[in-house]
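The analysis underlying the following values was restricted to heavy atoms, covering all of them including side chains, and did not include hydrogens, waters or symmetry mates. Sequence lines set the chain letters: A, B, ... in the order given, protein chains first and strands last, and positions in each chain run from 1. Note that the structure is predicted; figures quoted are calculated from it, not measured.
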Amino acid sequence: MGLSNVLKLHFDIPANDFVSAGEASSSVKKTLSQLGIAPQVIKKSAIAMYEAEINAVIHANGGTADIEIDQDKVIIKIQDEGPGIPDLDLAMQEGFSTAPDTVRQMGFGAGMGLPNMKRYADELKINTEVGRGTTVIIRVNFA
Amino acid sequence: MGTYFHSVNLDEEKCRGCTNCIKRCPTEAIRVRKSKARIINERCIDCGECIRVCPYHAKKAISDPFDIVNTFKYKVVIPAPSLYGQFKAVYSRNHILTALKIIGFDEVYEVAKAAEIVSSATRKLMKKSDVKKPLISSACPAVVKLIQVRYPSLIENIVKLESPMEVAAKVAKMEIAESKNIAPEDIGVFFITPCAAKVTSVKARYENGSSFVDGVISIKDVYLKILSSLGKVRNIEDLEQAGFEGIRWANSGGESLALETEKFLAVDGIHNVITILEEVENDRLEDVEFIEALSCVGGCLGGPLTVENVYVAKTRLKKHLDAAKAKGSDVHEDEKEYSGDFALTGNVECKPVMKLDIDLAKAMKKLETLELINKELPGLDCGACGAPSCRALAEDIVRGNANETDCIFKLREKVRQLAVQMMELEAKMPPVLDKGIG
């Protein structure tokens with residue numbers, strides 16, 4: 001096919017690695033700024049993706065991130081094979097967190113992950129199944 | 001291009017074309033071409049990291065020569081508070097300020113004094129509900145440029161107040177014009193600077209801004225003059241105006257401590273600043289309402305144009321701080337007098353120098369090619385191609401500024417392929433001419 005109109009990026013999100021957690025989202029941030037996308041759009045994408053990435057690290061032993069960028073939008077898909085979310089409505093509430101104390105001591109797990117994703121994404125889709133895993137799809141429009 | 005002024009420049013004769021500076025530059029603004037380091041003007045933020053790291057002293061800062069003071073009738077010096085840390089602690093602040101008059105200035109106005117005015121204005125700003133928090137200090141021009149180039153989404157967080165240097169110049173000029181009845185154009189205001197970024201901030205203001213500073217002289221250029229005058233001082237004049245709160249700005253954290261809040265973060269060293277700005281951009285900092293970010297390790301005392309080692313200077317400054325505290329200078333005396341006059345002139349604009357193409361579709365194609373090229377490069381980031389990393393080389397290639405064979409490993413591979421092909425060809429002599437070997 002050669003060069004297409006959709007730019008695809010793939011990242012592996014390592015398990016329980018808080019030092020490199022966020023590397024994928026900062027790489028996407030760099031990519032978007034090289035494309036000349038508006039700063040506020042980059043910020044929205046980076047924050048939403050960062051939260052999803054961190055969630056995969058904290059709750060799900062890591063996962064994968066697949067990014068698709070086209071002329072109008074960026075779609076960020078974060079997939080994991082973790083425990084899944086039993087009550088999604090509850091998890092969407094600000095301050096709700098199931099993160100263990102050790103994680104909270106590191107400054108993560110404040111219960112803002114999903115609410116922040118919702119705030120910054122133009123569209124947020126979450127498919128989750130207890131015992132199977134979670135897929136988060138974030139769409140951010142360029143205009 | 002072409003309109004960019006930078007204080008940081010290259011001394012061609014001294015440059016050996018090594019890779020020290022390209023690796024250290026926080027904005028990947030340097031490439032080595034034809035054995036010389038070339039600065040990409042649009043990207044340079046004048047932080048001076050390259051001046052510090054160059055083993056051949058080939059990176060220099062252009063500042064004004066001392067003689068510039070003679071072009072004005074009435075000469076006013078505005079010393080950065082970091083100047084006080086350059087001399088032995090036996091010399092009081094008044095002693096140093098008096099020495100400044102001996103070397104040829106008619107009047108002294110401390111930038112530390114203006115720093116207190118800026119602190120006061122910032123305190124007021126912090127209380128407003130409509131400001132974007134965390135506020136980021138605009139005191140360090142290298143950090144402001146860094147934000148313009150790499151973190152444009154944080155431009156709205158920048159404190160839109162003039163720096164203490166600009167405030168000092170403006171106040172000094174206005175006060176002297178009025179009290180001495182001198183025409184403003186006859187008054188020359190000269191800043192004694194610890195860094196290159198300040199020079200650039202005067203010579204090339206933010207978009208549409210103007211400066212009240214008429215000349216910027218580096219600490220290291222004026223150091224010996226002051227040193228020899230210190231011994232000539234007979235009567236120490238009482239020239240001190242600033243309290244410890246203003247002097248403390250020379251240290252990292254000094255600006256923050258004046259804000260009467262605990263919700264501040266002070267970071268120094270440009271690479272540390274980058275880490276923190278990433279955190280801010282990812283909305284990761286909680287309970288922080290003010291960020292003091294300084295490009296140099298140790299704050300302005302660690303400026304590339306200072307003379308004394310930053311840690312020695314810090315100890316010396318402490319003596320001046322203690323002396324100012326003992327004098328009991330009133331802390332917030334100018335709260336009312338100077339309100340509202342110091343809004344930043346000019347706009348701090350976004351400078352998206354990282355983008356690959358103005359056309360999004362083209363930029364996407366370039367980026368895809370960039371990734372493909374990057375995958376094929378060895379990933380050693382050796383710098384031998386003149387770019388700071390393999391990815392930067394890949395970027396230069398898609399921008400049309402470099403070739404794949406600039407990579408010595410790629411070149412070696414190509415040579416080898418060629419050699420193999422030659423061997424193959426050598427074995428295929430036309431039978432008519434083949435006389436065989438031996």
Side-chain angles (χ1 to χ4, degrees), chain A residues 1-10 18-19 21-54 67-74 104 106-113 115-117 119-120 142-143, chain B residues 27-28 43 132 146-158 265 274-288 348-375 389 391-392 394-399:
Chain A
M1 264 265 310
L3 302 175
S4 60
N5 291 324
V6 180
L7 190 71
K8 291 179 184 172
L9 306 166
H10 174 85
F18 287 96
V19 179
E23 267 180 17
S25 45
S26 61
S27 173
V28 168
K29 198 158 87 177
K30 189 170 180 189
T31 300
L32 292 174
S33 67
Q34 285 191 311
L35 292 176
I37 303 300
Q40 292 309 328
V41 174
I42 298 178
K43 190 176 175 181
K44 279 166 69 179
S45 319
I47 296 176
M49 178 172 171
Y50 179 81
E51 297 288 4
E53 196 183 344
I54 289 292
I67 319 299
E68 284 187 21
I69 304 167
D70 68 18
Q71 291 269 27
D72 326 297
K73 62 185 176 296
V74 55
R104 289 180 195 232
M106 298 173 78
F108 297 99
M112 290 306 292
N116 260 347
M117 272 179 242
R119 182 174 313 142
Y120 290 108
F142 293 162
Chain B
T27 54
E28 296 188 334
R43 289 191 182 191
K132 181 94 179 163
L146 175 74
I147 291 173
Q148 288 181 286
V149 170
R150 273 188 63 172
Y151 302 96
S153 75
L154 302 179
I155 287 177
E156 53 182 337
N157 298 63
I158 294 172
L265 183 154
I274 286 171
T275 315
I276 293 299
L277 294 180
E278 286 283 336
E279 294 275 294
V280 182
E281 211 172 39
N282 285 347
D283 231 5
R284 285 274 307 141
L285 287 183
E286 285 165 30
D287 280 335
V288 173
V348 182
E349 283 172 5
C350 163
K351 295 185 173 171
V353 297
M354 301 298 173
K355 81 169 141 187
L356 294 167
D357 205 293
I358 30 171
D359 182 86
L360 179 58
K362 281 181 190 160
M364 281 172 63
K365 292 229 157 104
K366 282 184 182 172
L367 196 77
E368 208 166 358
T369 318
L370 189 161
E371 296 294 347
L372 288 174
I373 296 169
N374 189 33
K375 242 180 236 168
S389 66
R391 202 175 193 282
E395 191 187 320
D396 288 349
I397 295 170
V398 296
R399 285 184 194 273

inquiry  = Could you report the tightest heavy-atom contact between A/Gln71 and B/Ala361, atom names first, then the distance?
reply    = NE2-CB, 3.2 Å
remark   = Heaviest contributor of heavy-atom pairs below 4.5 Å to chain A, chosen from B/Arg150, B/Glu281, B/Glu395, is B/Glu281
request  = Could you look at B/Leu370 and say if it's the side chain, the backbone, both or neither that has a heavy atom under 4.5 Å from chain A?
outcome  = side chain
key: From CG (A/Asn116) to CG (B/Asn282), nearest 0.5 Å   = 10.5 Å
ask   = Any side-chain heavy atom of A/Leu35 within less than 4.5 Å of one from B/Met364?
value = yes
ask   = For A/Ser26 and B/Glu278, which heavy atoms make the closest approach, and how far apart are they?
value = CB-OE1, 4.0 Å
query = Do B/Glu371 and A/Leu7 touch side chain to side chain, with heavy atoms closer than 4.5 Å?
reply = no
ask   = Quick one: what part of A/Leu32 sits under 4.5 Å from any heavy atom of chain B, side chain, backbone, both or neither?
value = neither
ask   = In Å and rounded to the nearest 0.5 Å, what is the CD to NZ distance from A/Gln34 to B/Lys366?
value = 11.5 Å
query = Which region of A/Lys29, side chain (C-beta onward) or backbone (N, CA, C, O), has a non-hydrogen atom less than 4.5 Å from a non-hydrogen atom of chain B, or is it both or neither?
reply = side chain
task = First locate atom CD of B/Glu368, then atom CG of A/Leu9, and finally report the distance between them rounded to the nearest 0.5 Å.
result = 9.0 Å
remark   = Note: B/Ser153 and A/Gln40 closest approach over all heavy atoms is O-NE2, 3.5 Å
ask   = So how far is it from B/Asp283 CG to A/Lys44 NZ, rounded to the nearest 0.5 Å?
value = 13.5 Å
